[in-house]
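Report on the structure given below.
Computed from a predicted structure; not experimentally measured.
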Amino acid sequence: MIRARENGPIVERDDSLEFEPLDQYQQRRQNLKDIEALGHPAYPRKFAWTHTPKEILEKYAGSTVEELESSRVTVSVPGRIVALRPHGKAAFAHIAGDGARLQIYVRQDIVGEEAYKLFKLMDLGDFVGVTGHLFRTKTNELSVKVDKLELLTKSLLPLPEKWHGLADVELRYRRRYLDLIVNEKAREVFIRRAQIIREIRHFFDARNYSEVETPMMHPILGGATARPFITHHNTLDMKLYLRIAPELYLKRLVVGGLDRVYEINRNFRNEGIDAIHLQEFTMLEFYQAYSDYRELMDMTEELFRSLAEKICGSTKFKYEETEIDFGHFERLSMRDAIVKFWPAAARPAPTSAELAAAGGPLAIAERFNVYARAQNIDPILNVGKLSAGELIGELFEAVAEPHLVQPTFIYDFPIEISPLSKTRADDPSIAERFELFIAGMEVANGFSELNDPIDQENRFRAQVEKGGHEAPKEVDVDYIRALSHGLPPTAGEGIGIDRLVMLLTDSHAIREVVLFPLLRAESGEPAAEEIPAPGAANKPNSAADGAKK
RNA sequence: AGGGGCGUAGCUCAGUGGUAGAGCAGCGGCCUUUUAAGCCGAAGGUCGUGGGUUCGAUCCCCACCGCCCCUACCA
């Protein structure tokens with residue numbers, strides 16, 4: 001590639017990309033040329049800085065006008081120009097860096113005519129490095145009086161409108177980089193997301209867990225019920241599934257003697273997309289030998305409480321106008337939850353004993369459906385075809401789940417909907433499993449792992465026989481083999497990181513906490529397979545996105 | 001997938017069956033303590049795309065594309 005810029009004029013190519021707004025893009029290209037003509041590189045290599053804007057604002061927040069005058073503080077600070085208020089031969093600007101905005105004051109009589117000429121060729125969005133001393137303006141704003149100023153990177157495209165910012169949701173996701181520059185809230189969400197994941201790692205590392213990475217492309221589907229993405233490996237000529245869960249691999253590791261493992265990584269499910277579902281999502285899964293589901297509930301409570309304290313500064317925080325409190329976690333068995341939240345208008349309310357009795361769940365589901373139809377609520381479909389356990393699951397979702405705003409563990413699930421969990425010693429119809437609900441969302445799912453290989457094989461076979469596009473197509477024989485070698489009593493849990501981040505950042509859509517959520521290709525944008533291979537004469541296609549035709 | 005909404009200047013938005021408007025950004029001019037700086041001036045548009053109705057469509061109708069919301073499956 002030709003890199004002639006440093007030694008001479010820009011190499012002009014008539015097929016290079018241009019972007020909307022074209023007039024502003026061309027204007028900035030011209031400014032760039034003029035800057036280079038003045039002898040300033042537009043893309044220099046580094047800048048020796050002493051502070052970030054944020055550091056200055058924090059460190060000198062308390063310094064008074066007099067203090068800054070009597071003992072001069074000289075700083076060199078880099079940042080992106082995000083506001084510009086020129087006044088002829090002087091100008092105020094704000095530069096952004098490290099999440100803060102610092103005002104700078106540039107005067108021709110201080111920086112000199114030459115530098116001021118350069119400054120006037122700078123545009124909103126350019127990166128600059130300034131050296132000067134701190135002072136306070138008439139309005140007492142801590143600012144840098146610039147002695148020296150250099151361009152650190154020329155920006156060829158303008159920033160979004162300064163007052164409204166970037167409000168279009170689609171554009172915010174497609175051009176997340178602009179969203180991050182302009183919208184404080186977006187930046188904060190992702191900084192917090194990083195903190196949350198860091199704290200989770202600390203939490204588990206401190207408990208002697210090992211972080212592991214297991215395959216994301218699986219030859220056999222397993223570990224959850226969900227429709228997969230399917231792909232193909234050319235060299236091995238092999239059908240592969242993007243993983244829907246890491247579970248079966250992680251438990252193999254416990255068989256292998258890694259008694260405490262966790263993995264934070266993506267799962268992929270080829271299903272619906274809405275405010276709390278995406279085709280790829282980040283899951284924390286962890287497994288602990290010689291433990292059971294009750295211990296995990298305690299541990300989850302501890303984890304969530306410490307996260308809220310560290311991230312939000314308190315166990316209480318606001319989510320969608322309600323205060324969520326991680327100081328207390330309710331625990332209800334699934335049957336008790338149905339009893340507790342049974343709608344008053346659907347009397348008589350069932351009892352726990354009735355739910356446990358033969359034929360009970362069916363009778364109760366039918367009672368619910370009478371009520372639901374009268375109230376014009378969605379009834380439970382196909383009640384006749386569902387097992388008692390499935391009916392209990394359906395009843396729970398219909399009756400109780402929407403009410404679970406404060407953190408609530410629902411435990412003791414029907415065995416039929418928990419194919420990987422151990423049953424209770426005193427009741428083989430119930431699995432030692434729980435889910436944690438907060439703000440109506442399921443955020444965690446844990447259980448005492450089924451480690452009886454014969455039982456597990458039977459349950460796998462039953463699933464395969466039952467069929468359906470979400471059911472596994474074949475028994476994972478190697479997993480049964482691993483269990484046959486012996487999985488110690490183990491408890492395992494998955495926590496949806498995206499949803500947890502939603503809660504702790506008061507974000508009401510999962511896409512708000514994912515950096516580049518998938519959107520449909522813009523019309524006119526080349527589909528993936530149409531993009532020419534590198535090396536081919538590849539004048540880039542007319543990216544619809546505003547690029548020149 | 002079904003129902004509803006939206007799509008107008010680079011951005012945020014008005015608007016009308018008779019060929020289009022504001023603020024901000026950009027351009028030219030004035031301006032050395034401003035902070036949505038100010039003042040003056042000029043420019044900027046295939047009104048999402050394609051059909052149809054009409055003398056005439058950005059507006060009415062149909063289809064398509066994209067985004068958002070709700071409902072159904074899923075964590």
Side-chain angles (χ1 to χ4, degrees), chain A residues 19-28 30-31 65 82-94 101-111 116 123-125 135-141 143 145 157-175 178 182 223-228 244-245 266-285 377-378 381 397 401 435-437 440-445 468-470 494-500 502 508-511 517 519-525 544-546 549:
Chain A
F19 295 96
E20 291 286 348
L22 198 57
D23 57 333
Q24 294 190 46
Y25 178 79
Q26 287 168 341
Q27 176 66 40
R28 283 165 181 246
Q30 184 58 50
N31 291 349
V65 177
V82 290
L84 203 48
R85 293 176 295 279
H87 296 265
K89 294 186 175 61
F92 284 96
H94 274 92
R101 292 174 173 222
L102 174 69
Q103 182 166 260
I104 62 170
Y105 183 43
V106 183
R107 292 171 55 132
Q108 182 178 272
D109 61 1
I110 297 179
V111 297
Y116 203 73
D123 293 298
L124 228 42
F135 76 110
R136 283 187 183 274
T137 61
K138 271 184 185 167
T139 54
N140 207 38
E141 179 166 349
S143 309
K145 195 169 280 181
L157 285 168
L159 295 173
E161 200 256 357
K162 66 180 170 187
W163 187 241
H164 300 91
L166 187 60
D168 184 292
V169 175
E170 181 183 352
L171 273 181
R172 286 187 43 234
Y173 296 156
R174 286 195 195 276
R175 312 216 184 131
L178 293 180
V182 164
T225 50
R227 302 174 70 176
I244 56 173
R266 236 65 74 81
N267 291 340
F268 307 86
R269 300 191 181 175
N270 204 341
E271 312 212 9
I273 291 179
D274 62 31
I276 55 170
H277 296 90
L278 270 187
Q279 73 291 334
E280 59 181 285
F281 60 101
T282 301
M283 230 1 208
L284 158 69
E285 281 207 15
I377 301 170
D378 290 329
L381 300 173
E397 280 177 27
E401 201 178 302
E435 286 185 349
L436 172 60
F437 292 87
M441 292 190 286
E442 184 194 331
V443 295
N445 177 18
H469 51 214
E470 286 180 358
I495 294 176
I497 297 300
D498 311 281
R499 290 182 183 175
L500 179 58
M502 285 171 68
H508 309 145
I510 193 167
R511 291 194 217 209
L519 299 176
R520 268 177 235 270
E522 292 176 272
S523 57
E525 197 172 85
D545 166 26
K549 299 264 165 6

Inset, instruction - Produce a footprint string for nucleotides 68-75 of chain B: one letter per nucleotide, 5' end first; B if the base is under 4.0 Å from any protein heavy atom, S if only the sugar-phosphate is, - if neither. - result: S--SSBBB
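- rG3(B) sits 11 Å from rA63(B) when the P atoms are compared, rounded to a whole Å.
- Protein atom CZ of F19(A) is 24 Å distant from nucleotide atom P of rA25(B), rounded to whole Å.
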Filtered N/O pairs between nucleotides 31-33 of chain B and protein, under 3.5 Å:
from    : atom 1 : to      : atom 2 : distance (Å)
rC31(B) : N3     : G88(A)  : N      : 3.1
rC31(B) : N4     : G88(A)  : N      : 3.4
rU32(B) : OP2    : H87(A)  : O      : 3.3
rU32(B) : OP2    : K89(A)  : N      : 3.4
rU32(B) : O2     : R107(A) : NE     : 2.8
rU32(B) : O2     : R107(A) : NH1    : 3.0
rU32(B) : O2     : R107(A) : NH2    : 2.9
rU32(B) : N3     : R107(A) : NH2    : 3.4
rU32(B) : N3     : D109(A) : OD2    : 3.1
rU32(B) : O4     : D109(A) : OD2    : 3.3
rU33(B) : O2'    : K138(A) : NZ     : 2.9
rU33(B) : O2     : K138(A) : N      : 2.9

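- Between Q103(A) and R136(A) there is no side-chain heavy-atom pair separated by less than 4.5 Å.
- Separation of atoms CD (E141(A)) and CZ (R101(A)) is listed at 11.5 Å; rounding is to 0.5 Å.
- Contacts of E280(A) classified as salt bridge (charged side-chain N to carboxylate O under 4.0 Å, His left out), with partners at least two apart in sequence or in another chain: R266(A).
- Contact annotation: the side chain of L178(A) never approaches that of L171(A) to less than 4.5 Å [non-hydrogen atoms, C-beta and beyond].
- Atom CG of N270(A) sits about 11.0 Å away from atom CD1 of I244(A), to the nearest 0.5 Å.
- Although no hydrogens or angles enter the test, the distance criterion places a donor-acceptor pair under 3.5 Å between the side chain of Y116(A) and the main chain of A90(A).
- Comparing the same atom, P, in rG56(B) and in rU19(B) gives a spacing of 15 Å after rounding to whole Å.
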Is there any protein nitrogen or oxygen under 3.5 Å from a nitrogen or oxygen in nucleotides 11-13 of chain B, and what are the pairs?
from    : atom 1 : to      : atom 2 : distance (Å)
rC11(B) : O2'    : G165(A) : O      : 3.2
rU12(B) : OP1    : D168(A) : N      : 3.1
rU12(B) : O2'    : H164(A) : NE2    : 3.3

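- Checking side-chain atoms of R85(A) against main-chain N and O of F92(A) turns up no donor-acceptor pair under 3.5 Å.
- Side-chain atoms of V443(A) and L500(A), non-hydrogen and from C-beta on, never get closer than 4.5 Å to each other.
- With a glycosidic angle more than 90° from 0, rU46(B) adopts the anti conformation.
- Although no hydrogens or angles enter the test, the distance criterion places a donor-acceptor pair under 3.5 Å between the side chain of R28(A) and the main chain of L157(A).
- Rounded to the nearest Å, the gap between the P atom of rC11(B) and that of rA57(B) is 27 Å.
- Side-chain contact check for N31(A) and Q27(A): at least one donor-acceptor pair (N or O, by modelled atom type) lies under 3.5 Å.
- rG50(B) and rC65(B) are spaced 10 Å apart, taking the C1' atom of each and rounding to whole Å.
- Between the side chain of E141(A) and the base of rU34(B), no donor-acceptor pair under 3.5 Å is found.
- No side-chain donor-acceptor contact under 3.5 Å links Q279(A) to the backbone of I273(A).
- In this structure the side chain of D498(A) reaches within 4.5 angstrom of the side chain of T282(A), judged on heavy atoms.
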Legend entry - Full working for side-chain contact (heavy atoms from CB on, under 4.5 Å) between R511(A) and L278(A): CA-CA 8 Å; R511(A) 291 194 217 209; L278(A) 270 187; 4.1 Å; yes
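- Nucleotides rG44(B) and rG10(B) are separated by 12 Å at their P atoms, to the nearest Å.
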Legend entry - Pair assignment for RNA chain B - dot-bracket with | for other-strand partners, Watson-Crick or G-U under 3.5 Å: (((((((..((((....[..))))..((((.......))))......(((((..]....))))))))))))....
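- Within the 4.5 Å cutoff, no side-chain heavy atoms of R499(A) are placed close to those of F281(A).
- Ring geometry for F135(A) versus Y105(A): interplanar angle of 30 to 60°, hence tilted.
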Polar atom pairs between nucleotides 26-28 of chain B and protein, under 3.5 Å, N or O only, would you list them?
from    : atom 1 : to     : atom 2 : distance (Å)
rG26(B) : O4'    : Q24(A) : OE1    : 3.3

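- Between rG18(B) and rC59(B), the two C1' atoms lie 12 Å apart (nearest whole Å).
- Rounded to the nearest Å, the gap between the P atom of rU54(B) and that of rG41(B) is 46 Å.
- Rounded to whole Å, the C1' atom of rC30(B) lies 24 Å from the corresponding atom of rA22(B).
- Contact of the M502(A) side chain with the I276(A) side chain is registered, since non-hydrogen atoms from C-beta on lie closer than 4.5 Å.
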